2 protein chains.
Amino acid sequence: MGLTKTEFFTERQNKTAMLLKALGHPARVAIIEHLLKVKSCVCGDIVSELPLAQPTVSQHLKELKSAGIIKGSVEGTSVCYCLDEKAFESLSAYFSHALTDLQNKNSTCC
Amino acid sequence: MGLTKTEFFTERQNKTAMLLKALGHPARVAIIEHLLKVKSCVCGDIVSELPLAQPTVSQHLKELKSAGIIKGSVEGTSVCYCLDEKAFESLSAYFSHALTDLQNKNSTCC
DNA sequence: TCGTTTGATTGCAATATTACGATTAACGAT
DNA sequence: ATCGTTAATCGTAATATTGCAATCAAACGA
């Protein structure tokens, strides 16, 4: 079918999956790592950093933006993209909690 | 094309993307949240917890396993699945570092 | 105004994912 | 051996994603 049954899962589960899915592509990982590295938020020369054509990069940026991982602001003729701290707070907390939960239950199996 | 150009990215970026992509689906988020919640590692009744058919769940479990997020061990006629701590350590560290990097650079844009 | 630059959008082909019915494989019990 | 249970696999249909050439739109400078 190819159609994810989102209606059967909780709002939170769908939201979490959306964030993670948006980051689940090497090009998009490369984009956020680049945005983390540079001081100023480099705007559109992300394209020249990546081994992909401009429309492809634009599409990846759109997905990251619609997932709430990056923000973009227009600056004259170019666009400034930078990371949205809230998304990283949320993901950091999610995995941090998961890890401590996991460590606290010292399961004997597997 | 539908063909991800993994050869142009670093090993680490590809690996990170693989982990995140594996978690980028509400059913798989639900699976790991269930495995986090239960004390014993519940084995195969994950199927009855999810609103999906058995082959579908089996396929999701396979993806989680091949990404290194869960481990499975056969117990007679049933299979015991549980979370792989290493994956969560890695992801927790990844986002924790990203967040502190992000907070330390107090960018003024966006 | 006109050209240039920047970045989004469109349209399309190739491939991947999602979901499930049907089947199969492996095991334990009778 | 046969049966029931559990879970993987096969096959297939529907849909989504990836990537890019071509094009478009907006903003700037000459």
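Because the structure is a prediction, the values reported are computed rather than measured. Naming convention: chains lettered A, B, ... in sequence-line order (proteins, then strands); numbering from 1 in each chain.
- Residue contacts shown for A:Ser78 are limited to sugar-phosphate atoms, with no base heavy atom under 4.0 Å away.
- For D:dA16, neither phosphate oxygen OP1 nor OP2 lies less than 4.0 angstrom from any side-chain nitrogen or oxygen of A:Lys21.
- Distance CZ (B:Arg28) to C1' (C:dA19): 12 Å, rounded to an integer number of Å.
- Atom CD of A:Glu11 has 12 or fewer heavy atoms from other residues, nucleotides or ligands within 6.0 Å.
- Whole-Å rounding puts the B:Leu64 CG to D:dA7 C1' distance at 16 Å.
- The interatomic distance linking B:Leu23 (CG) with C:dT18 (P) rounds to 12 Å, in whole Å.
- The phosphate of C:dA26 has neither OP1 nor OP2 within less than 4.0 Å of any side-chain N or O from B:Thr77.
- For the atom pair CG (A:Asn104) and CG (A:Leu99), the distance works out to 9.5 Å, reported to the nearest 0.5 Å.
- Mapping A:Gln59 and A:Leu3 onto DNA chain C by nearest heavy atom places A:Gln59 at the nucleotide closer to the 5' end.
- Both A:Thr6 and A:Val79 sit near DNA chain C, but only A:Val79 has its closest nucleotide nearer the 5' end.
- Across all strands, B:Leu52 comes closer than 4.0 Å only to sugar-phosphate atoms, never to a base (heavy-atom distances).
- At whole-Å resolution of the value, CZ in A:Phe8 and P in C:dT18 are 17 Å apart.
- Contact annotation: B:Tyr81 side-chain N/O to D:dT6 OP1/OP2 distance is not under 4.0 Å.
- When heavy atoms are screened at a 4.0 angstrom cut-off, B:Thr4 is found touching the sugar-phosphate backbone but no base atom.
- Applying the 4.0 Å criterion to OP1 and OP2 of D:dT18, one finds that A:Thr56 has every side-chain N and O outside that range.
- At the phosphate of C:dA8, OP1 or OP2 sits under 4.0 Å from a side-chain N or O atom of A:Ser58.
- Computed from coordinates, the B:Leu20 CG to D:dT17 P distance equals 16 Å when rounded to whole Å.
- If you measure from atom CZ of B:Phe9 to atom C1' of D:dT18, you get 11 Å, rounded to the nearest angstrom.
- In terms of polar N and O atoms assigned as donor or acceptor, the side chain of A:Gln54 comes within less than 3.5 Å of the base of C:dA8 in a complementary pairing.
- The local environment of NZ in B:Lys71 is crowded, with over 12 non-hydrogen atoms from other residues, nucleotides or ligands closer than 6.0 Å.
- Atom CD1 of A:Ile32 and atom OH of A:Tyr81 lie 15.5 Å apart (nearest 0.5 Å).
- In this model, the phosphate group of C:dA16 is not approached by any side-chain N or O of B:His25 to a distance below 4.0 Å at OP1 or OP2.
- Using a 4.0 Å heavy-atom cutoff across all strands shown, B:Glu75 reaches no nucleic acid atom at all.
- Distance, B:Lys62 NZ to C:dA19 C1': 15 Å, rounded to whole Å.
- When the side-chain nitrogen and oxygen atoms of B:His60 are compared with OP1 and OP2 of C:dT17, none of them lie within a distance under 4.0 Å.
- Rounded to an integer number of Å, the gap from CG of B:Asn14 to P of D:dT18 is 13 Å.
- If you chain together hydrophobic residues whose side chains sit under 4.5 Å apart, A:Leu91 and A:Met18 never meet in one group.
- Using a 4.5 Å heavy-atom cutoff, the side chains of A:Leu35 and A:Ile46 are in contact.
- Across all strands, A:Glu63 comes closer than 4.0 Å only to sugar-phosphate atoms, never to a base (heavy-atom distances).
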